[in-house]
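This report concerns only the one structure given below.
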Amino acid sequence: MKSPLLSLPGAVPAEGVDEGVAAHYGDLFREQRALAGGTGFVDLSHRGVVSVTGDDRLSWLHLLLTQHVSDLPTGQATEALILSAHGHIEHALYLVDDGTTVWAHVEPGTQEALIAYLESMKFFYRVDVADRTDEIAVVHLPAGSIAEVPQGVVVRETPYGRDLFLPRADLESYADKAGPAVGLLAYEALRVEQHRPRLGFETDHRTIPHELGWIGTAVHLQKGCYRGQETVARVQNLGKPPRRLVFLHLDGSEVHLPPAGADLRLADEGPDGRKIGFVTTSVRHHELGPVALALVKRNVPLDARLLADSTAAAQEAVVEP
């Protein structure tokens with residue numbers, strides 16, 4: 001779905017899964033600084049939006065999600081996962097309940113599969129699941145923003161800012177009031193700085209929540225009765241995850257960033273050494289320079305010097321070994 005805000009001056013379209021919104025509006029670092037300083041807004045209208053209504057919505061979702069939501073207070077933001085039977089991450093939901101409806105935004109293009117799964121689990125519960133992507137657009141206001149929120153708009157407030165579930169028809173008129181527009185690359189740069197994983201970027205078909213630091217934020221350990229819970233409990237109580245998320249400081253003298261999927265190797269073993277992980281997201285940060293998130297094998301020493309393709313990298317632990 002192509003955003004009307006791509007018609008704003010300087011807009012350069014994003015590619016891949018983020019196609020449909022602006023990657024930037026002509027000045028990447030200025031946009032990053034604005035967002036970090038609490039000004040501007042980010043067009044996330046390409047993300048999927050799902051609503052769940054009905055008297056049983058919270059108790060029903062509580063049985064399906066990794067998060068404790070049966071008593072979720074009205075207006076309180078949370079995030080949750082849906083796992084496979086083997087504990088691998090399939091969906092990530094960013095939720096808020098407005099008193100009558102649970103609203104969730106999800107990765108672009110994943111809402112259809114999510115809704116199909118939810119529909120298959122309805123049984124006799126009094127719930128109604130709907131795809132609201134065509135009518136509702138997600139807009140992000142950074143932490144510290146004093147931009148007004150239109151009356152009646154559902155807000156999901158987090159330490160990183162506010163996500164607005166805005167009527168899609170109001171997107172252009174709201175942009176005129178909430179500017180300046182900030183592109184997705186700036187949003188992603190701050191996400192990497194904040195060590196926040198993203199489904200489909202930091203995950204692959206075998207990722208479990210422990211590897212990305214989602215335990216506690218998206219996975220509640222004092223609840224059970226959801227698909228994949230046995231794996232979560234076993235790893236938490238009896239073992240360690242096979243991989244861990246790290247934050248990489250990349251050699252700033254390189255012209256090109258190592259792309260997502262670039263192999264990580266130990267620098268001491270050279271470019272032909274054994275593979276010990278891979279880059280998941282790489283960005284240019286307005287203060288930190290080139291940085292990235294990556295997954296490495298759990299037993300890689302914290303002080304090990306790494307190579308991302310041919311780029312030297314130093315790691316900071318996000319998930320402890």
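For the single chain, residues carry numbers from 1 onward in sequence order.
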Handout entry: Parallel, tilted or perpendicular, as decided by the 30° and 60° cut-offs, for the rings of His105 and Phe165
Key = tilted
Problem - Charged N-O contact under 4.0 Å between Asp128 and Arg57 - result: no
Handout entry: Cationic N near anionic O, under 4.0 Å, Glu202 to Arg196
Key = no
Check whether any side-chain N or O of [X] sits under 3.5 Å from a backbone N or O of [Y] as a donor-acceptor pair, and report yes or no.
X      : Y      : answer
Thr66  : Leu81  : yes
Gln111 : Gly109 : yes
Asp56  : Arg126 : yes
Trp60  : Val52  : no
Arg168 : Ser45  : yes
Thr231 : His86  : yes
Asp309 : Thr311 : no
Arg244 : Val300 : yes
Glu211 : Pro241 : no
Arg132 : Val49  : no

Practice task
Answer with yes or no whether the hydrophobic clustering places Leu65 together with Leu83; edges join I, L, V, M, F, W, Y residues whose side-chain heavy atoms lie under 4.5 Å apart.
Solution key: no
With sequence neighbours excluded, what pairs up with [X] under the ring pair (Phe, Tyr, Trp, His ring centres under 6.0 Å) test?
X      : value
His210 : none
Tyr25  : none
His91  : none

Handout entry: Ring centers of His140, Tyr187 separated by less than 6.0 Å
Key = yes
Handout entry: Ring centres under 6.0 angstrom apart (His88, His205)
Key = no
Fill in the blank from the handout: Members sharing Val235's hydrophobic cluster, built from side-chain contacts under 4.5 Å between Ile, Leu, Val, Met, Phe, Trp and Tyr, are Ile208
Identify every side-chain donor-acceptor pair in residues 11-19 under 3.5 Å, counting partners at least two apart or on other chains, and give the distances.
| from | atom 1 | to | atom 2 | distance (Å) |
| --- | --- | --- | --- | --- |
| Asp18 | OD1 | His46 | NE2 | 2.8 |
| Asp18 | OD1 | Arg198 | NH2 | 2.6 |
| Asp18 | OD2 | Arg198 | NH1 | 3.1 |

Handout entry: side-chain contact (heavy atoms from CB on, under 4.5 Å) partners for Asp204, two or more places apart
Key = Arg206, Thr207, Arg243, Phe278
Exercise for the section: Step by step, work out the salt bridge (Lys or Arg N to Asp or Glu O under 4.0 Å) result for Arg274 and Glu269. Expected result: CA-CA 8 Å; Arg274 58 195 172 94; Glu269 296 183 4; 3.1 Å; yes
Exercise for the section: Please test His220 against Gln67 for side chain to side chain donor-acceptor pair (under 3.5 Å), starting from the C-alpha separation and ending with a verdict. Expected result: CA-CA 5 Å; His220 197 290; Gln67 188 58 270; 5.0 Å; no
Problem - Derivation of the side-chain contact (heavy atoms from CB on, under 4.5 Å) call for Tyr226 and Leu64 - result: CA-CA 5 Å; Tyr226 60 87; Leu64 305 177; 6.0 Å; no
